[in-house]
Chemist: 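Could you have a look at this structure, given as structure tokens, before my questions?
Letters A, B, ... are given to chains in the order of the sequence lines, protein chains preceding strands, and every chain is numbered from 1.
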Number of protein chains: 2
Amino acid sequence: MSASDTLDFSRPLTTVDIVIFTVKDDRLHVLLVQRPNDARESFPGQWALPGGFVDTDRDNTLKACALRKLQEKTGINAPYLEQLGSWGGATRDPRGWSATHVYYALLPHEQVRLQRGANTREIGWFPITEQGVDKELAFDHREILGAAIERLRSKAEYTSLPAYLLPEEFTLSELQHAYEVVLDRPVKKSPFRTRILSVDLVEESGNMRTGVSRPAVLYRLKSSGTLTIFPRTFSPRSD
Amino acid sequence: MSASDTLDFSRPLTTVDIVIFTVKDDRLHVLLVQRPNDARESFPGQWALPGGFVDTDRDNTLKACALRKLQEKTGINAPYLEQLGSWGGATRDPRGWSATHVYYALLPHEQVRLQRGANTREIGWFPITEQGVDKELAFDHREILGAAIERLRSKAEYTSLPAYLLPEEFTLSELQHAYEVVLDRPVKKSPFRTRILSVDLVEESGNMRTGVSRPAVLYRLKSSGTLTIFPRTFSPRSD
DNA sequence: TTAATAGTGTCTATAAGACATTATATG
DNA sequence: CATATAATGTCTTATAGACACTATTAA
């Protein structure tokens, strides 16, 4: 391809979208925004993943763009943020050939202060059911959300990923509960504790969680932002 | 964002690149192309991952674009092809803000007929050393190749991925060898065979591989294009 | 003292690792 | 028959699963 050919190709619309997960009321939730009702917009009034066009003047990289959008919507600065993949094609956006770069984030919803933002009618958490969310979504966001859920569930089987759904200090029971919510099945206490404590994942914070019963030791992650990989998946047996 | 805002954003250059792996001479190799020597080009004469601009007239989706480029370079039609991720930013391409959607493919090199293509000086297989390839690469392709190697090695630990490096029929010893090449360490025969045969991955083809010693049963994959996930990683111990 | 949850210990089942043994082809 | 590699079997070890048991707080 010669240098002049660069201009011969029409450039696709380029966006960044983020799938933001949290655990609320013992359920996995995803953050959605409602598109403006303006009939000139695509998918007016429908719910969608938060995101939008890359601003080549402000965003130095795709990840910086995702972090900016996450900060704008939730006020959170340094969560767990990982790229999910990209979706692109001729028909997914009525405005033309488009490609979106998708990230996913996990955060403790207690620390979130939702900001509606300029071109959003509404913003809110929606519970995840079996395969997705109980709402029609704009663009191909249903498919993208499905892929994000699959990635989250699959990584929960063999990594420390669900820990990022919790606040900085948490008990082992709370961590176990986060796994159970994500995996949507019970997890056995004894092997769970052995497993977590056998890898270099958490350290005692020195505090205790008190409540109606025996107080529990509070832990924190030893290194934030990284994943610990377990040598086996949870519950390998299929019965 | 209002409808008219769509045009206010400058659109990044959009490309698709492919990391194509094979096993040759007992080593993992990657396919690279040499950029033209034309001084008007970026990175003239340097080696790079095969790829190029999305053609919004011909390519209906990003994956279709990747398949087309793979077919153009290697003549291969239905290999294992998976998205690796996307890289985008202001400085990775001297021509401007750019984003590339990266796929990776595994194929048996025996079936490949390399095609140099119009704007390529040279094309060839390069052995993978510890972290990458023994050549300076254009753009951020060193980083991308590193991520692809990491993905390949990591998935080889707990999936059937390396099977796609082999031709349709293969012996269990050949499959074991593919794992050893990818993981860059020996794999024990007995647990390897138990493991492979205990999941619904391969079936006997009915043929045998003959040679200097006892003939070996030839197997083929039961379902092509999918990955089987093992409940444990290989060699979980760290010693 | 009771309720409730935290945390530990013991036994069993599964599968990997080590390694020896048997099987079957070629020359 | 010698050689080489395929394929299997046995013993050991590590860890998950099941489940009972103990510990420690509040009310």
Side-chain angles (χ1 to χ4, degrees), chain A residues 26 156-160 162 166 169-181 183 185-220 228-239, chain B residues 26 156-160 162 166 169-181 183 185-220 228-239:
Chain A
D26 298 345
E157 294 283 358
Y158 65 97
T159 75
S160 59
L166 301 176
E169 290 192 330
F170 51 84
T171 68
L172 289 186
S173 297
E174 287 161 1
L175 183 57
Q176 179 183 344
H177 185 247
Y179 273 92
E180 292 175 329
V181 167
L183 295 174
R185 67 164 188 262
V187 166
K188 301 293 162 176
K189 183 170 64 168
S190 171
F192 179 82
R193 299 175 72 93
T194 316
R195 179 184 186 120
I196 297 296
L197 296 177
S198 73
V199 295
D200 194 38
L201 175 62
V202 296
E203 60 190 3
E204 300 189 7
S205 76
N207 304 319
M208 304 286 281
R209 168 92 72 232
T210 55
V212 67
S213 73
R214 172 173 173 176
V217 172
L218 281 165
Y219 293 86
R220 72 166 77 92
T228 299
I229 297 178
F230 303 119
R232 302 194 191 182
T233 62
F234 283 96
S235 304
R237 247 94 44 74
S238 52
D239 51 7
Chain B
D26 298 346
E157 293 283 358
Y158 64 97
T159 75
S160 58
L166 301 176
E169 290 193 330
F170 51 84
T171 68
L172 289 185
S173 295
E174 288 161 1
L175 183 57
Q176 179 183 343
H177 184 247
Y179 274 92
E180 291 175 330
V181 167
L183 295 174
R185 66 164 188 261
V187 165
K188 302 294 163 176
K189 184 168 66 167
S190 171
F192 179 81
R193 301 175 71 95
T194 315
R195 179 184 186 122
I196 297 296
L197 296 176
S198 73
V199 294
D200 195 36
L201 176 62
V202 296
E203 60 190 3
E204 301 190 6
S205 75
N207 304 320
M208 304 285 281
R209 168 91 72 230
T210 55
V212 67
S213 73
R214 172 173 172 176
V217 172
L218 281 164
Y219 293 85
R220 72 166 79 90
T228 299
I229 297 178
F230 302 118
R232 302 194 193 180
T233 61
F234 283 95
S235 303
R237 245 98 43 75
S238 52
D239 53 6

Chemist: Flag the pair E174(A) and R209(A) as a salt bridge only when some basic side-chain nitrogen lies within less than 4.0 angstrom of an acidic carboxylate oxygen.
Modeler: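 Salt bridge flag = yes for R209(A) with E174(A).
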Chemist: Can you tell me if the side-chain N/O atoms of K188(B) get under 4.0 Å from OP1 or OP2 in dG17(C)?
Modeler: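 K188(B) to dG17(C) OP1/OP2: no side-chain N or O under 4.0 Å.
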Chemist: For S190(B) and T194(B), find the nucleotide of DNA chain C closest to each by heavy atoms; which residue's nucleotide sits nearer the 5' end?
Modeler: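 Whichever sits nearer the 5' end wins; that is T194(B).
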Chemist: Let me spell it out: for each of S198(A) and L218(B), pick the nucleotide of DNA chain D with the closest heavy atom. Which residue's pick is nearer the 5' end?
Modeler: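 Checking each residue's closest nucleotide, the 5'-ward one belongs to L218(B).
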Chemist: Looking at every non-hydrogen atom in both residues, tell me the closest pair between D200(B) and T228(B) and how far apart they are.
Modeler: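 That would be O-OG1, 4.4 Å.
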Chemist: Would you mind reading off the distance between L172(B) atom CG and dA23(C) atom P, rounded to a whole angstrom?
Modeler: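 After rounding, the reported distance stands at 19 Å.
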Chemist: Is a salt bridge present between E203(A) and R220(A), judged by a nitrogen-to-oxygen distance below 4.0 Å?
Modeler: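 R220(A) and E203(A): salt-bridged.
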Chemist: Using whole Å, what does the distance between atom P of nucleotide dA16(C) and atom CD of E157(B) come to?
Modeler: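 My rounded result for the distance is 13 Å.
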Chemist: Starting at the 5' end of DNA chain C and moving along, which residue's nearest nucleotide shows up first, F192(B) or K189(B)?
Modeler: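 Looking at the nearest nucleotide for each, F192(B) comes out on the 5' side.
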Chemist: Specify the residues of residues 206-215 of chain B, ordered by number, for which at least one heavy atom lies under 4.0 angstrom from an atom of DNA chain C.
Modeler: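 Result for residues 206-215 of chain B: G211(B), V212(B), S213(B), R214(B), P215(B), sorted by number.
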Chemist: Kindly write out the residues that satisfy side chain to side chain donor-acceptor pair (under 3.5 Å) with S205(A), not counting sequence neighbours, or none if the list is empty.
Modeler: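 Residues passing side chain to side chain donor-acceptor pair (under 3.5 Å) with S205(A): E169(A).
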Chemist: At 4.0 Å (heavy atoms only), tell me whether S173(A) reaches a base, stays on the sugar-phosphate, or touches nothing.
Modeler: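 The residue S173(A) makes sugar-phosphate contact but no base contact.
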Chemist: In this structure, how many angstroms lie between the C1' atom of dT8(D) and the CG atom of L197(B), rounded?
Modeler: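 Those two atoms, CG and C1', are 11 Å apart.
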Chemist: Atom CZ of R195(A) and atom C1' of dT8(C): how far apart are they, to the nearest Å?
Modeler: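 Interatomic distance, CZ of R195(A) to C1' of dT8(C): 19 Å.
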Chemist: The test is side chain to side chain contact (heavy atoms under 4.5 Å, CB included); show your working for H177(B) and D26(B) and say whether it passes.
Modeler: CA-CA 8 Å; H177(B) 184 247; D26(B) 298 346; 3.0 Å; yes
Chemist: Atom CD1 of I196(A) and atom C1' of dT8(C): how far apart are they, to the nearest Å?
Modeler: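 Atom-to-atom, I196(A) to dT8(C), this comes out as 17 Å.
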Chemist: Nearest whole angstrom, please: distance from the P of dG7(C) to the CD of Q176(A).
Modeler: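 Checked: the CD to P distance equals 11 Å.
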Chemist: Taking all non-hydrogen atoms of both residues, which atom of T159(A) and which atom of Y179(A) are closest, and how far apart?
Modeler: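 Closest approach of T159(A) to Y179(A), heavy atoms only: O-OH, 2.7 Å.
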Chemist: Ring centroid separation for Y219(A) and F170(A), is it under 6.0 angstrom?
Modeler: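 No, they do not, as the ring centres are separated by 6.0 Å or more.
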Chemist: Starting at atom CD of E174(A), determine the distance to atom P of dG7(C), rounded to an integer number of angstrom.
Modeler: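 Going from CD in E174(A) over to P in dG7(C) covers 10 Å.
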Chemist: Could you give the CD-to-C1' distance, from E204(B) to dA6(D), as a whole number of Å?
Modeler: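 The answer, rounded to whole Å, is 13 Å.
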